[in-house]
Protein chains: 2
Amino acid sequence: MQTQTREEKKRQTRKQLMDAALTLTGSGRHFSSISLREVAKNAGVVPTSFYRHFSDMEELGLNIIDDLGLMLRKLMRTARQHEDYFEAQARNSVEVYAEYVCAHKNYFFFMEQVRTGGSSALRKAIRNELKYFSNELASDIRPLAQLSSTDDTDLDIICQLIVSTVFECTIDLLDHIETNPAYLDTYIEHTLKKLRCVWLGATSWQS
Amino acid sequence: MQTQTREEKKRQTRKQLMDAALTLTGSGRHFSSISLREVAKNAGVVPTSFYRHFSDMEELGLNIIDDLGLMLRKLMRTARQHEDYFEAQARNSVEVYAEYVCAHKNYFFFMEQVRTGGSSALRKAIRNELKYFSNELASDIRPLAQLSSTDDTDLDIICQLIVSTVFECTIDLLDHIETNPAYLDTYIEHTLKKLRCVWLGATSWQS
DNA sequence: TCTTTCAGTCAACACTTGTTCACTGAAAAT
DNA sequence: ATTTTCAGTGAACAAGTGTTGACTGAAAGA
């Protein structure tokens with residue numbers, strides 16, 4: 001069954017390379033300490049083939065971030081439901097988030113690692129994704145009456161706070177979930193409490 | 001001047017090794033991609049000498065975290081001033097924090113890197129330092145009348161939120177401060193706004 | 001059909017890596 | 001004064017690194 005066109009085959013090895021890199025990062029290694037040769041080997045390909053797809057590891061990383069971005073957008077679409085009540089919306093969002101983290105551990109491991117420990121280009125790319133996330137949130141909640149006395153710049157900052165509160169201890173979730181699956185609920189409840197606290201502040205904010 | 005006792009000399013090279021590692025992390029490289037040989041070379045010492053002080057890079061890292069812990073405690077003591085008014089206390093704390101970040105860039109670079117991207121032992125060690133930080137905060141503000149309707153566990157969570165809010169975008173500060181020193185003020189004002197928002201929520205919290 | 005394209009292979013390169021071992025020489029202990 | 005201790009040296013190792021250039025063979029295009 002030689003049903004594979006050349007283009008398909010190329011896309012496939014490309015994906016294998018990216019998957020190999022993600023698997024390695026997910027297994028406790030840091031992305032910046034992973035060698036091109038290791039990635040190639042784990043993808044079942046000779047080192048020189050790597051160059052047919054990426055010029056170096058950084059470019060591989062940037063492409064992973066692109067995929068990560070797509071995943072985050074899907075996550076947002078799933079979580080968004082335009083409920084008016086904060087509690088319901090927040091609970092749903094955090095649950096969806098936690099679900100995604102568990103379903104795509106390697107991506108989130110990569111993200112947490114690279115956000116603070118990647119090359120400056122990689123850090124910047126991740127920062128952009130998070131910025132997009134918080135901008136979306138801002139335009140979602142901007143119309144709410146409870147936020148009418150918050151001006152745009154303050155709302156932006158508050159949205160950054162909300163986003164970083166959710167993302168911030170993802171690494172803790174990833175660390176604990178391996179040994180103790182019950183931590184998932186703890187994470188959800190703790191995060192919700194934090195969000196409630198922020199929301200309480202946001203709705204009584206006077207710009 | 002052979003005034004150096006053997007012990008002193010040893011302590012000195014030990015410090016040189018740790019400083020070399022910190023300098024390398026501060027210059028954009030990730031700690032986990034730095035080799036033992038590089039550290040030795042930058043410390044002006046032969047690779048084999050490294051083993052007289054640390055068994056491997058991870059142990060070096062743990063020792064750096066110990067020093068980092070000492071620094072954080074000093075920072076806390078400087079920031080703490082038992083003001084009753086939130087605004088004054090918060091502003092002072094954030095300013096002291098930002099000052100420390102600028103004065104000890106390498107330590108904070110290392111901390112940000114390792115918290116999410118170090119070996120699990122290193123991550124755990126950093127987590128402990130942050131936990132200590134938020135525990136101190138909790139016992140500091142526990143007596144405040146405005147928090148009387150917040151129970152202990154909720155207060156803990158809120159303190160984690162406060163601490164992570166301050167630490168969270170340290171990497172952004174470190175990234176921007178190189179090219180644009182004016183970002184320091186932006187960072188301080190943004191962080192203060194976030195803290196005010198959290199504080200507003202915390203003081204109207206009902207456990 | 002013949003020619004071109006190009007993902008993947010193989011061998012080789014100069015270099016860096018962690019770790020070993022036997023060593024030196026001055027400070028510390030006797 | 002003599003012996004012991006031990007931080008730092010230097011050479012050597014097996015293994016891994018990024019990158020090169022010339023190659024193969026099947027799919028795509030003519």
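Within the cation-pi definition used here (under 6.0 Å to the ring centroid, within 45° of the axis), A/R115 does not qualify as a partner of A/F110. In this structure, A/R37 is not positioned above the aromatic face of A/F50 in the sense of NZ or CZ being under 6.0 Å from the six-membered ring centre and within 45° of the axis.
In this structure, A/E8 atom CD and D/dA28 atom P are separated by 9 Å, rounded to whole Å. One can place NZ of A/K10 at 7 Å from C1' of C/dA7, the figure rounded to the nearest angstrom. Rounding to whole angstrom units, CG of residue B/L24 and C1' of C/dT16 are separated by 15 Å. For the pair A/Q16 CD and C/dA7 P, the interatomic distance rounds to 15 Å; values are reported in whole Å. Between the P atom of C/dG18 and the CD1 atom of B/I34 lies a distance of 11 Å, rounded to the nearest Å. The distance between atom CZ of B/R6 and atom C1' of C/dA29, rounded to the nearest whole Å, is 10 Å. Regarding A/R14, its CZ atom lies at a distance of 16 Å from the C1' atom of C/dG8, rounded to whole Å. As a whole-Å value, the separation of A/F50 CZ from C/dT9 P is 14 Å.
Under the 4.5 Å side-chain criterion, counting only non-hydrogen atoms from C-beta, B/R127 is in contact with A/D172.
For A/T5 and D/dA27, the shortest distance from a side-chain N or O to OP1 or OP2 is not below 4.0 Å. Between A/K9 and C/dA7 there is no side-chain N or O to OP1 or OP2 distance below 4.0 Å.
With D/dT20, D/dT9, C/dC10 as the choices, the nucleotide that has an atom nearest any side-chain atom of B/S49 turns out to be D/dT9. Closest to the side chain of A/H53, from the set D/dT17, C/dT20, C/dA7, is C/dA7.
The base of C/dG18 lies outside donor-acceptor range of the side chain of B/S35, with no N or O pair under 3.5 Å. Looking at A/R52, its side chain comes within 3.5 Å of the base of C/dG8 through a donor and an acceptor atom. With hydrogens and angles left out, the side chain of A/T48 and the base of C/dC10 share a donor-acceptor pair within 3.5 Å.
Both A/K41 and A/Y51 sit near DNA chain D, but only A/K41 has its closest nucleotide nearer the 5' end. Where B/S55 and A/R37 meet DNA chain C, the nucleotide closest to each residue was compared, and A/R37 sits on the side nearer the 5' end.
Between the side chains of A/Q160 and A/S134, no donor N or O sits under 3.5 Å from an acceptor N or O. Checking A/E59 against A/S55 by side-chain atom types alone, a donor-acceptor pair falls below 3.5 Å.
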